[in-house]
There are 2 protein chains.
Amino acid sequence: MIERHLAKLRARDDISAEEEEAIRWAVADYREYPSRKTIIPAEQELTFSTLLLSGMLARFKDLRSGGRQITELHVAGDFADLHSFTLKRLDHAVETLGPCKVALVPHDRLREITVRYPHLTRVYWFTTNLDAAIHREWVFSLGQRRAQQRMAQLFCEMHIKLSLVGLVENGSYDLPLTQEELGQVLGLTSVHVNRTLQLLREQGTVEFRSGRVTIFDVEQLRHSAEFDPSYLYLEKRPR
Amino acid sequence: MIERHLAKLRARDDISAEEEEAIRWAVADYREYPSRKTIIPAEQELTFSTLLLSGMLARFKDLRSGGRQITELHVAGDFADLHSFTLKRLDHAVETLGPCKVALVPHDRLREITVRYPHLTRVYWFTTNLDAAIHREWVFSLGQRRAQQRMAQLFCEMHIKLSLVGLVENGSYDLPLTQEELGQVLGLTSVHVNRTLQLLREQGTVEFRSGRVTIFDVEQLRHSAEFDPSYLYLEKRPR
DNA sequence: CGATTTTTTGAACGTGCTCAATTACAGTGG
DNA sequence: CCACTGTAATTGAGCACGTTCAAAAAATCG
């Protein structure tokens with residue numbers, strides 16, 4: 001069940017058999033959720049972290065006056081809230097974007113890992129730092145890129161994240177978002193998302209239809225977004 | 001020299017005398033830099049992290065086609081790049097916003113801390129997760145708030161961060177940025193920054209002049225930005 | 001004091017938003 | 001199988017926030 005998670009970790013560093021065993025030991029329970037369900041409310045005291053096994057999750061923050069911003073999209077193999085281990089509560093909520101299976105990892109087992117497995121601790125620390133790097137890229141994107149580039153950048157990012165866990169079939173992958181929600185990721189209205197999607201479609205580089213992205217020309221797409229994957233830290237090295 | 005750093009840590013959790021000793025041991029060297037100098041270039045292999053003792057630092061990313069986005073502002077007591085310990089290189093650069101004094105902490109000493117001081121490790125892990133929470137708030141702000149709210153939110157955030165290390169004098173603090181750079185933080189042009197500053201000034205809630213922010217009405221300012229400091233995790237509790 | 005940077009102002013423009021209506025689509029029950 | 005319902009996608013028109021370009025005024029620094 002946690003194979004995708006291990007694949008993600010092993011793409012960045014070696015994980016020993018003993019460490020793998022520790023990870024398996026840390027999982028206390030499994031759970032399934034239906035689509036569009038808030039599985040972690042903001043500000044709530046948490047005693048375990050949630051590891052996504054299949055499906056997709058969104059972290060989001062709401063403005064009292066109506067707006068919603070999605071701050072990260074999680075794919076199978078990601079910890080949705082490993083950071084809740086040190087934060088104890090979250091400044092955002094997490095909801096499912098489709099049916100999801102998750103594994104629950106109690107914080108006291110994570111604490112045990114920090115005591116007994118320093119290297120594994122550093123690897124997990126790395127993964128939260130990777131989330132932060134993705135946040136920075138989104139800050140960059142929202143601040144400096146216009147709608148078209150912004151959307152292209154997102155499609156490139158998801159393409160790589162999903163590739164790592166084997167969920168891309170020749171340039172095509174599931175992204176179970178409505179245009180409204182895509183707008184909540186990109187800081188755009190659904191109307192403008194619709195118009196921007198049409199432009200990209202006409203250019204023939206990428207298409208988004210009924211929750212599925214199809215990239216026709218990766219090079220062109222990356223070029224148009226000035227996409228540089230270095231912030232995804234794809235190289236494997238000792239942490 | 002590292003008193004401000006300890007103050008910041010101790011605002012969120014207890015740090016024992018032994019842990020304090022470990023932190024002092026971890027500092028290998030001190031350095032000073034002039035204003036407007038890039039002290040950590042992007043993508044470079046790093047073997048130590050930089051702890052800011054005095055002055056202010058900015059993390060930023062450049063777009064090939066010209067734009068620059070500042071992704072975080074660091075104040076005295078912050079580690080500017082503790083995340084480089086696990087990332088090994090950074091996806092952004094760091095520059096001084098005025099004369100700065102820093103302490104250098106070699107990564108191998110941080111590694112030693114992860115082996116010998118699990119609790120201190122969790123505290124440091126927490127601080128990088130706090131950086132990520134600040135990134136999320138910026139993503140939220142750039143995506144959902146308009147210029148005026150966005151600027152108000154930034155002034156509120158810096159007010160709190162600087163308060164924690166005693167650098168606010170009745171609602172007034174140094175923010176050594178030009179309006180151009182403030183625009184690079186907020187995703188706005190310098191022209192619009194100027195006009196937005198005038199609006200805020202006319203409303204009498206806050207003023208920004210020659211690198212210094214003066215807040216006349218904190219409540220009003222927070223209200224106008226829908227500012228909620230929960231993302232700064234100001235409560236002290238065991239990590 | 002002169003040189004340079006920063007702030008400020010004006011005017012035209014454009015990207016993206018708002019509001020509102022229409023069309024397409026998916027799921028449901030008869 | 002089709003009408004019915006609700007959600008999602010699409011289109012249009014007008015508007016506003018923020019940009020661009022350019023110039024002037026003010027502040028800062030040797």
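Naming: A, B, ... by sequence-line order, numbering from 1 per chain. Values below: every heavy atom of this structure, side chains too, minus hydrogens, waters and symmetry copies.
B:Arg201 forms no cation-pi arrangement with B:Phe216, by the criterion of a distance under 6.0 Å to the ring centre and an angle within 45° of the ring axis.
Between A:Gln144 atom CD and C:dG16 atom C1' there is a gap of 17 Å when expressed in whole angstrom units. In this structure, the CZ atom of B:Arg145 is 21 Å from the P atom of C:dG16, given to the nearest Å. One atom, CE of A:Met151, and another, P of C:dT15, lie 15 Å apart when rounded to the nearest Å. Atom CG in B:Leu186 sits roughly 15 Å away from atom C1' in D:dT19 (whole-Å rounding). Taking atom CD on B:Gln179 and atom P on D:dT28, their separation rounds to 12 Å, with Å as the unit. Here D:dA8 presents its C1' atom at 16 Å from CG of A:Leu97, a figure rounded to the nearest Å. A straight line from CD of A:Glu180 to P of C:dT18 spans 11 Å, rounded to a whole angstrom. Following rounding to the nearest Å, B:Leu197 (CG) and D:dG18 (C1') show an atom-to-atom distance of 14 Å.
Between C:dG16, D:dT19, C:dT18, one nucleotide has an atom nearer to the side chain of B:His192 than all others, and that is D:dT19. Looking at the side chain of A:Asn194, the nearest of the listed nucleotides C:dT7, D:dA9, C:dC17 is D:dA9. The side chain of A:Arg209 sits closest to D:dT10 out of D:dG18, C:dG10, D:dT10. Nearest nucleotide to the A:Val191 side chain, out of C:dC19, D:dA8, C:dT7: C:dC19. Nearest to the side chain of A:Arg201, among D:dA13, D:dA9, D:dT10, sits D:dT10. Distances were taken from every side-chain heavy atom of B:Arg146 (C-beta onward) to each of D:dC17, D:dA8, D:dT20; the shortest belongs to D:dC17.
The residue B:Gly183 sits apart from the nucleic acid: no heavy atom pair falls under 4.0 Å. B:Leu188 comes within 4.0 angstrom of sugar-phosphate atoms only, judged by non-hydrogen atoms across all strands, and of no base. Within 4.0 Å (heavy atoms only), B:Ser210 reaches sugar-phosphate atoms of the nucleic acid but no base atom. Across all strands shown, B:Gly187 has heavy atoms under 4.0 Å from sugar-phosphate atoms exclusively, and none from any base.
Of the options A:His83, A:Gln69, A:Glu72, a side chain to side chain contact (heavy atoms under 4.5 Å, CB included) to B:Arg136 is made by A:His83 and by none of the others.
Salt bridge status for B:Asp78 with B:Lys161: present, with a side-chain N to carboxylate O gap under 4.0 Å.
A 6.0 Å sphere centred on NZ of B:Lys101 holds no more than 12 heavy atoms belonging to other residues, nucleotides or ligands.
Taking only side-chain nitrogens and oxygens, A:Gln198 never comes nearer than 4.0 Å to OP1 or OP2 of D:dT10. Taking only side-chain nitrogens and oxygens, B:Thr189 never comes nearer than 4.0 Å to OP1 or OP2 of D:dG18. For A:Gln148 and C:dT15, the shortest distance from a side-chain N or O to OP1 or OP2 is not below 4.0 Å.
Mapping A:Arg195 and B:Ser190 onto DNA chain C via the closest heavy atom, the residue that lands nearer the 5' end is B:Ser190.
With no hydrogens or angles considered, no side-chain donor-acceptor pair links B:Gln149 and B:Gln153 at under 3.5 Å. Side-chain contact annotation: B:Gln220 with B:Gln203, donor-acceptor N/O pair under 3.5 Å absent.
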